[in-house]
Engineer: 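Pasting a structure here, questions to come.
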Amino acid sequence: MEKPLRIGVLAVQGNFREHVAVLRRLGAEAVEVRLPEHLDGLDGLILPGGESTAIMRLMELYGLDDALRAFEAPIFGTCAGMIVLDRDHLDLVDIGVRRNAFGRQVHSFEADIDIGHGDEPVRAVFIRAPWIEAAGDDVEVLAEVDGHPVLARQGRILVAAFHPELTDDTRIHELFLNQIREAASSVRA
Ligand code: GLN
């Protein structure tokens, strides 16, 4: 049998437990990451939603900001995790993000988003969500809400403005795991 993927979930603040649960449901080994050494040997990393200011501050406190800049495996940032990866923060993906973009008063909402390939739409949960305001040429937009990109990929980095860990639909996490497997097989080929 194929060796399970070993995926870290940044566990300093926010929705990390829910991501760990989805990863385990999909047969991956999930590791809570609180210190730089927890990144060793990971096949990928998820940055969860929460509060980006708090996540950034805690990452700096533990040296995880530099450790992440040196981390080479695929990363998936959701909501606050997407903000942390943007041009104004770790600058690991060439996007400008607007925080609380759907309006502060719109605390949360759900929307069906089209992820292409003729697939059933994904029910996406947005909580004080950001959207992608500007994207470089290497960024591939995978889904939009009202014309605003909310799911995108640049090379090994995947970002979502919503919370795929809060529904029973595991397809967005599967997309990330498949991206990791494809990257690994193209290295072997
Ligand atoms: N509004 C939060 C921020 O700016 C993100 C919200 C979330 O992750 N659900 O950090």
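First listed ligand is number 1; within each ligand, the first listed atom is number 1. Keep in mind that the numbers below use all heavy atoms, side chains included, and drop hydrogens, waters and symmetry copies.
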Engineer: Please tabulate, one line per pair, the protein N or O atoms found under 3.5 Å from any N or O atom of ligand 1, giving the distance to one decimal.
Structural biologist:
residue: ligand 1; atom: 1 (N); partner: N100; partner atom: OD1; Å: 2.9
residue: ligand 1; atom: 1 (N); partner: R128; partner atom: O; Å: 3.0
residue: ligand 1; atom: 4 (O); partner: R99; partner atom: NE; Å: 2.6
residue: ligand 1; atom: 4 (O); partner: R99; partner atom: NH2; Å: 2.9
residue: ligand 1; atom: 8 (O); partner: G50; partner atom: N; Å: 2.9
residue: ligand 1; atom: 8 (O); partner: G50; partner atom: O; Å: 3.0
residue: ligand 1; atom: 8 (O); partner: A80; partner atom: N; Å: 3.0
residue: ligand 1; atom: 9 (N); partner: I127; partner atom: O; Å: 2.9
residue: ligand 1; atom: 9 (N); partner: H163; partner atom: NE2; Å: 2.8
residue: ligand 1; atom: 10 (O); partner: S52; partner atom: N; Å: 2.7
residue: ligand 1; atom: 10 (O); partner: S52; partner atom: OG; Å: 2.8

Engineer: Angle class for the F76/H19 ring planes (parallel below 30°, perpendicular above 60°, tilted otherwise)?
Structural biologist: perpendicular
Engineer: Around R171, counting heavy atoms of other residues, nucleotides and ligands shown, do more than 12 lie under 6.0 Å from its CZ?
Structural biologist: yes
Engineer: More than 12 non-hydrogen atoms from neighbouring residues, nucleotides or ligands closer than 6.0 Å to CG on D119, yes or no?
Structural biologist: yes
Engineer: What residues form a salt bridge (Lys or Arg N to Asp or Glu O under 4.0 Å) with E133, not counting sequence neighbours?
Structural biologist: R98
Engineer: Between R123 and D112, is the closest basic N to carboxylate O distance under 4.0 Å?
Structural biologist: yes
Engineer: Do Q154 and D94 have side-chain atoms, one donor and one acceptor, less than 3.5 Å apart?
Structural biologist: no
